[in-house]
Every structure is written in structure tokens, then in C-alpha cells.
Amino acid sequence: MADPTRFDPFGALRGVLRPPADKSISHRAAMIAAMGTGETDVIGYLDAADTRSTLAAVQAVGARLVGESATATLAEDDGLGAARLRIAGVGLRGARPAAIDVGNAGTLLRLLPGWLAGQPQGKWTLDGDESIRKRPVDRVASPLREMGARLAARDDRLPPLEVEGASLHGITYELPVASAQVKSCLLFAGLLAAGEPRVVEPLPTRDHSERMLAAAGAQVRREGDTVVIAPAERLEPGRIVVPADFSSAAFFIVAATIVPGSDVLLHQVGLNPTRTGLLDILRRMGAAKIEIADVAEDGGEPIGDIRVGHSELQGCEVGGADVPLAIDELPLVALAACFAAGTTTIRDAAELRKKESDRIATVTDALRALGGQVEATEDGMVIEGTGGLRGGAVDSHGDHRIAMLGAIAGAASREGVEVTNMGAAAVSYPGFEGDLGSLQQGPPLHDPVH
Ligand code: S3P
């Protein structure tokens, strides 16, 4: 791919598309299918770099792809832009020892050790790319050790991470940061621990693991801010449906909101309320043309259509409970804030510094390079809206969400944006450029969005 990639302002975005399958749910589907007894059909597994790493990891510990999915490549999809897999699990206690390459996948790095730590017969190492080697694992290692696990990490906090299986006991763990990855890791460990482990969340975070484990037969319940899991003999997921990824849809939700004349319909998107905080934030900013329709539950997750048109935006305050519910969309909130009138303040989001890049730094640098008035703070950003962005050049720093942020900024800017290392988008959204292009040539939809 030519580097850099140029994104010019095209005018209104119009059309219909189904964003790729949900990355968070796909990671969990592969891992929970691997823990399962018997075969699990995963319908709509994300075919992207991160989730290929997870599929390879579960195969390394002994899970198998069976039936047609054993010979098909992931790219042979079911027509929904995602693959249909049949995974034969190894059972909750049957993981084989292995050296696991997690690639760029932080979710794999944090969740899988939870399952492995409680299997006394094995030893595993998890390592990945240059970016993953900077991402903390002490957040999972220390509570797992409290449960009796044996883990070792570089400098006690960075990958490679070594896990030696042991007998675990349940603890009550208060998460120091609101992290669905840490919560999920401890719930996986709890399946193999004696007693009833409890995870206390400072704020609600995405609950895909709880939903999927419950659907597979685990006893998992919420008591206020606490998730309680009972040890299990076996899991039988059977069938897992993966909706389109709200976090991928979010790029077009924000694009349609900030580019005048836009009207975009996004099909069959996951609408789990622990993921859709961006919609609440945009509505507070004045985005009046966001319609949700045809919501139905499939496999425990709400799925529906999102239709978005342009609105004039006002700055707003973002913090507290907003943050975990929109953690991966906060870069897009900052972009929208550049197009708003007045000041937007994002607080309580220091976790952004621990993502695929330091997203407080990379978002601030990117938007400033395009003419935005953005100041980084320790735990967020302050953005002075000027109604638009001039354009310029953005380096993705190998972070998929920064690459796509640059592309959307280009489509909405006055002069266009060049993105260096646009290829990083393939971590979660391999067809992103094609999908953006299709919306830039789309004819008007019937019955304009109200
Ligand atoms: C994820 C949870 C979030 C999110 C990440 C995926 C998950 O991380 O940023 O992209 O799948 O559980 P934290 O829970 O650590 O904030």
C-alpha cells in the first residue's frame, strides 16, 4: 500500500453498510469456544489481524477448527463481512502448553491468562509485537497471583508473560481501574477457582464476557457493582452470534454527524449499552439525527440499525461513567469536538495512555497537526471547537484507531489529510478504506433521516 494514504474531502457521506464483526465479542467467542465441551458455531467471526491472533492462540492450546471452517480461509465469509467458524473446544481444563504470539491484541494478552492460570498441568508464554510489549500486564498478574496463580513478567509488568498453571481460590477484587479486560480475565480464572470470586467495578464496563459465559451455562450474576462467578465443570456455548462492531460503526457515526448533508445507515450493529456511550455523548453535544431501529437480541447481545445525519454540535463535558462506556471512541469525541462550537473537556481518561498508542498524545498531536485547538491534560484533553479542521498529515503510530481517525478527519476537513501507516486499520477493520469510499459515492437514501 502506498504510504502515506490521502483522504480528500468528498462532501456528504451517504449509503448503507454493515461494519465488520465486533472485535471484543470475536476474541471472547474464540476463547470461550476453546474452553467449551464439544463444538461451537461462531457466526460472523471478525476476520482481522487481532482476531486471527486469537484464533491461532486457541488452536495453539488445542482447540480445532472443524467442518468447512477447517479448510476455508477466514476471508471466505458468510456474506456478512465475517467468517462462520466451527470450533471444537478442549474443555475448561484441557489447554495444552504453548508459546503464544498475541500479535497486537491486548484483549488476548489480558484475557487468556485468566483461563490458563487455573490449569496446573501446563506452562504458557504470551508475547507479541513492539506495541504489545509496552502494554501493562501487572493489572492481571497481581490479582491472579492473589488467587494463587504463578506468573512472571518482564520487569514484573510487561510482556512476555509466563503463566504456570496452579490451583486457584476465589477472592474479592476491587478493580483499581474500570477495565473490562481485567474483569474478564478474573471471571475466566473464577471458572476454575475454589469458592465464588467477586470482581467489584468502580464504574460499569463492557459486559460481553458475562453475557457469553451465562449463555454457555456458567453461573455468573451481578450484585450492584459486583460480578460474582461460580466455578464450573464445563461450558457448552453451542452457538455464538457476533454483531457488527459499534466501535467500527463509530467512525461513520461521527463522520455523518460532522459532514453536512450526510445520511448513513449502519446495519446489524451491536448495541450493548455498555458499548454505546458515544451516542449519549454526541446527543449531549446536540446530535439530533441519530435513530436506532429494529433492535433484537441474538445470543444475549442487542443488535440493531443506526441511522445518522448531520447536526450542528456544541462542546460538552465528558468524564466519569462516560469513559469506560466510550473508551475506544474518545478519539472520535475529540474529533467531533473540533467541529463543535465551544469547549469540550474530556476527563478521567488516563487509561487512554495505555491503549495501542498513548491516545492522549497521539490524538492531540494528530488533531493539532490538522489545525485543531487541542490541549492534552494528564487524564484527557481540552478541545476548543472551531467548526472544522483545515487538514494536513497524521501518523497512525501503528494504532488502528488513529489511522481511521485521520481518514475520517480527512473526509470532513477543508483540505484533506494524508495518513502514514494507514495499514494499521487492518487490526480491526480491514475493509475500512473501501467502506469509506462507498459512502462517499452513495446516492441519497429514501426518506431523509429526521
Ligand atoms: C476491551 C476493553 C477495553 C477496550 C479494548 C477492548 C475488551 O479495554 O479499550 O479495546 O475487549 O474487553 P479496557 O477494558 O482495559 O479498558
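Numbering of ligands and ligand atoms starts at 1, following listing order.
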Subject >> With sequence neighbours excluded, residues passing side chain to side chain contact (heavy atoms under 4.5 Å, CB included) with T276 >> reply: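 Side chain to side chain contact (heavy atoms under 4.5 Å, CB included) check on T276 returns F246, L271, L279.
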
Original post:
Quick one: salt bridge (Lys or Arg N to Asp or Glu O under 4.0 Å) partners of E196, sequence neighbours excluded?
Top reply: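 E196: salt bridge (Lys or Arg N to Asp or Glu O under 4.0 Å) contacts with R221.
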
Original post:
Listed by chain and number, what are the salt bridge (Lys or Arg N to Asp or Glu O under 4.0 Å) partners of R154, not counting sequence neighbours?
Top reply: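 Residues passing salt bridge (Lys or Arg N to Asp or Glu O under 4.0 Å) with R154: none at all.
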
Original post:
Do the side-chain N and O atoms of S247 and R275 include a donor-acceptor pair separated by under 3.5 angstrom?
Top reply: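 Checked: S247/R275 side chains pair up, N/O donor to acceptor below 3.5 Å.
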
Original post:
Once the angle between the rings of F432 and F251 is folded into 0 to 90°, is it parallel (under 30°), tilted (30 to 60°) or perpendicular (over 60°)?
Top reply: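 Correct class here is perpendicular.
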
Subject >> Neighbour count >12 (heavy atoms, 6.0 Å) for atom CZ, R64 >> reply: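 No.
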
Subject >> Amino acids in close contact with ligand 1, where any non-hydrogen atom sits under 4.0 angstrom away >> reply: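 These residues qualify: S24, R28, T107, S179, A180, Q181, R206, I327, D328, K355.
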
